[in-house]
Amino acid sequence: MATHVITGAGSGIGAVLTEELLARGDELWLWARDAGRAKELRERFGGARTLVGDLAEPERLSWALGHQSPPDRIDGLVHCAGVVELAEIGELTPRVWQSVLAANLVAPAELTRLLLPQLRAAKGRVVFVNSGAGLNANPRWGVYAASKHGLRALADALRAEERPHGVGVTTVYPGRTATPMQRKVHQQEGREYDPERWMTPESVARTVLLALDLPRDAEITDLQVRPVG
């Protein structure tokens, strides 16, 4: 039985991944922003445990984790949580930049740092669920793409640094996926949302499982997943 910590387990790709891992008997620790959300996650995903800390305030994660008891060994740390805001550069205020970068880049970096001892102990894997925006930046996607390009750099540096410790690092770059975040994106784009046009969260979750389950003599470094058609 493997032990995994997952952020963003409440919806979309993270929720599907959580269901898949629970169904096969793995031990799950789900990250929640507050005690109320943690209770909701435990009720929804029976058998899962929770850790609490607001990813919007990464500077407080060390304090939050220090008052809890995370697992001693972690086989997989999966970063699924994220936020999206679309606007032209000329419209983006420092507050928006700071909030998006905090949630999408600084929080994953800090949480990974805090859990590295447990990952090293298990020779575990870190999976960053990035985005196609982590490879290309389009108009109005500047702040989101910047956060995801930064996440790619974080993963690449972490991979090189942790190779001597046996920790694997994978970045998954999904294209448009039928999730609540995608619905919000369509609203911001002023377009009608049709989930049938996009990949299902199940398809992306399977790629994450592939990265987690690969034998320890190999690792997937980067994996792009796109809708067909």
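All values reported here derive from a predicted model rather than from experimental measurement.
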Determine whether [X] and [Y] make a side-chain contact, defined as any pair of heavy atoms from C-beta on separated by less than 4.5 Å.
X	Y	value
Val96	Glu91	no
Gln187	Arg183	yes
Leu17	His4	no
Val169	Phe128	yes
Leu116	Glu161	no
Val225	Ser203	no
Pro108	Leu151	yes

List in chain and number order the residues that pass side chain to side chain contact (heavy atoms under 4.5 Å, CB included) with [X], two or more places apart in sequence or in another chain; answer none if no residue qualifies.
X	answer
Pro227	Trp198, Met199
Leu210	Ile220
Asp194	Glu196, Arg197

Over 60° means perpendicular and under 30° means parallel, so tell me whether Tyr144 and Trp141 are parallel, tilted or perpendicular.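 Answer is perpendicular, since the angle exceeds 60°.
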Considering only residues two or more places apart or on different chains, which pairs with a residue in residues 97-111 satisfy salt bridge (Lys or Arg N to Asp or Glu O under 4.0 Å)?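 Only Glu110-Arg113 qualify under salt bridge (Lys or Arg N to Asp or Glu O under 4.0 Å).
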In residues 45-59, what donor-acceptor pairs under 3.5 Å come from side-chain atoms, sequence neighbours left out?
residue	atom	partner	partner atom	Å
Thr50	OG1	Arg42	NH1	2.7
Asp54	OD1	Ala56	N	2.9

Rounded to the nearest 0.5 Å, how far does CG of Asn104 lie from CG of Leu154?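 That separation rounds to 12.0 Å.
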Donor-acceptor contacts, no H, no angles, side chain residues 72-80, under 3.5 Å, sequence neighbours left out:
residue	atom	partner	partner atom	Å
Arg73	NH1	Ala121	O	2.8
Asp75	OD2	Thr3	N	2.8
His79	NE2	Thr112	OG1	2.9

